**Student:** 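Below are the structure tokens for one structure; questions will follow.
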Amino acid sequence: MRLMEHPFGIDFGGTGIKGAPVDLAVGDFAEDRVRHPTPQPSTPEAVAAVFADLLSSFPASRSAVGVTVPGVVRRGVVGSAANIDDAWIGTDADAMLTERLQRSVHVVNDADAAGLAEAAYGAARGVTGLVIVTTLGTGIGSAMVHDGVLVPNAELGHLEIDGHDAETRAANSARKREELSWEEWGERLTRYYRTVEMLFSPEVFVIGGGVSKDAEHWLPHVHVRTPIVTATLLNRAGVVGAALLAAREQD
Ligand code: BGC
């Protein structure tokens, strides 16, 4: 009997591109992941070349590839590019990358991939009702998962709050840029999550992104009614979710 090959996940972010084959039985990397810096400008051609380079580190892998993109994705076509090169907008990334990498490629919004992974293996596993997964990084990513089913492209990081695009005030990049204390950032997050809970009444917020590992510093300063839990897959969620999606698309 031939064992099914592990699908491959690639997480394309504003600063780094990470990839690994994923063991879907456990929701974790099957081999150590490889990371390359994101080329600047992050045009589709330049980024696709990095994907090819990254895949060449896994010569035995021939599987389908799931790729996260920090923008809206509908049927493989990228619809927005807040923190990557504008040339992605309108690109049929599924078709372009399938051709360039000579593998079946499926592109998904980065936060949607993380939300899928948290629902399948992590903090939102088995939760019924509406879960809102947010990632706090360069931007604010969001995924809405209802009874385990993803409602894609939520884009709640771009809610207009107090006249601002929310992620420009409350993302982790805003904390760093403005040198906010944990408490000051907590106030921004409180304003943000109160708005989201007023609009959607979720059962729980799952908060991911690199800064979720420092939650003891800022979480005590976030005051909302909805329970908040931190993501359990941390920075593996994008790669795992992308690979899961690629495998589902193959079925
Ligand atoms: C983008 C989203 C993305 C998020 C996190 C936002 O600026 O609009 O699509 O999920 O950043 O990368």
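Everything quoted here is computed from the prediction, not taken from an experiment. Both counts, for ligands and for their atoms, begin at 1 and track the order of listing.
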**Student:** Considering both backbone and side-chain atoms of H158, is one of its nitrogen or oxygen atoms within less than 3.5 Å of a nitrogen or oxygen in ligand 1?
**Tutor:** yes
**Student:** Does the N or O separation between D110 and ligand 1 drop below 3.5 Å for any pair?
**Tutor:**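 Between D110 and ligand 1, an N or O pair is found under 3.5 Å apart.
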**Student:** Do any pairs count as a salt bridge (Lys or Arg N to Asp or Glu O under 4.0 Å) and have a residue in residues 15-41, sequence neighbours left out, and if so which ones?
**Tutor:**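 Matches after skipping sequence neighbours: D11-K18, D28-R236.
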**Student:** Given side chains that start at C-beta, do those of H146 and L130 come closer than 4.5 Å, heavy atoms only?
**Tutor:** yes
**Student:** Which of the atoms in ligand 1, numbered in the order shown and given with their element, are less than 4.0 Å from a heavy-atom of N109?
**Tutor:**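 Every atom of ligand 1 under 4.0 Å from some heavy atom of N109: 2 (C), 3 (C), 9 (O), 10 (O).
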**Student:** Using a 4.0 Å cutoff against the non-hydrogen atoms of G141, which atoms of ligand 1 qualify?
**Tutor:** 4 (C), 5 (C), 10 (O)
**Student:** Would you say V131 and E118 make side-chain contact, with heavy atoms under 4.5 Å?
**Tutor:**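 Contact flag for V131/E118 side chains = no.
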**Student:** Relative to each other, are the rings of H217 and W182 parallel, tilted or perpendicular (30° and 60° limits)?
**Tutor:**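 Judged by the thresholds at 30° and 60°, the geometry between H217 and W182 is parallel.
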**Student:** With distance as the sole criterion, is a donor-acceptor pair present between the side chains of R103 and S61 under 3.5 Å?
**Tutor:**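 A pair is found: one side chain offers a donor N or O, the other an acceptor, under 3.5 Å apart.
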**Student:** Compute the minimum heavy-atom distance from G71 to ligand 1 and say whether it is under 4.0 Å.
**Tutor:** yes
**Student:** Restricting to pairs with a member in residues 181-197, which pass salt bridge (Lys or Arg N to Asp or Glu O under 4.0 Å), not counting sequence neighbours?
**Tutor:** D162-R191, E178-R188
**Student:** Under 4.0 Å, heavy atoms only, figure out whether ligand 1 is touched by the backbone of I140, its side chain, both or neither.
**Tutor:** backbone
**Student:** Under 4.0 Å from a heavy atom of A82: which atoms of ligand 1 are those, numbered in the order shown and with their elements?
**Tutor:** 7 (O)
**Student:** If you count the atoms of ligand 1 from 1 in the order shown, which ones are under 4.0 Å from a heavy atom of N83?
**Tutor:** 7 (O), 11 (O)
**Student:** Would E167 count as a polar contact of ligand 1, with the cut-off being nitrogen or oxygen pairs under 3.5 Å?
**Tutor:** yes
**Student:** Against heavy atoms of E155, which atoms of ligand 1 measure under 4.0 Å?
**Tutor:**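 With E155 as reference, the close atoms of ligand 1 come out as 1 (C), 2 (C), 8 (O), 9 (O).
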**Student:** Would you compute the distance between atom OG1 of T134 and atom OH of Y192 and round it to the nearest 0.5 angstrom?
**Tutor:**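 Answer rounded to 0.5 Å: 6.5 Å.
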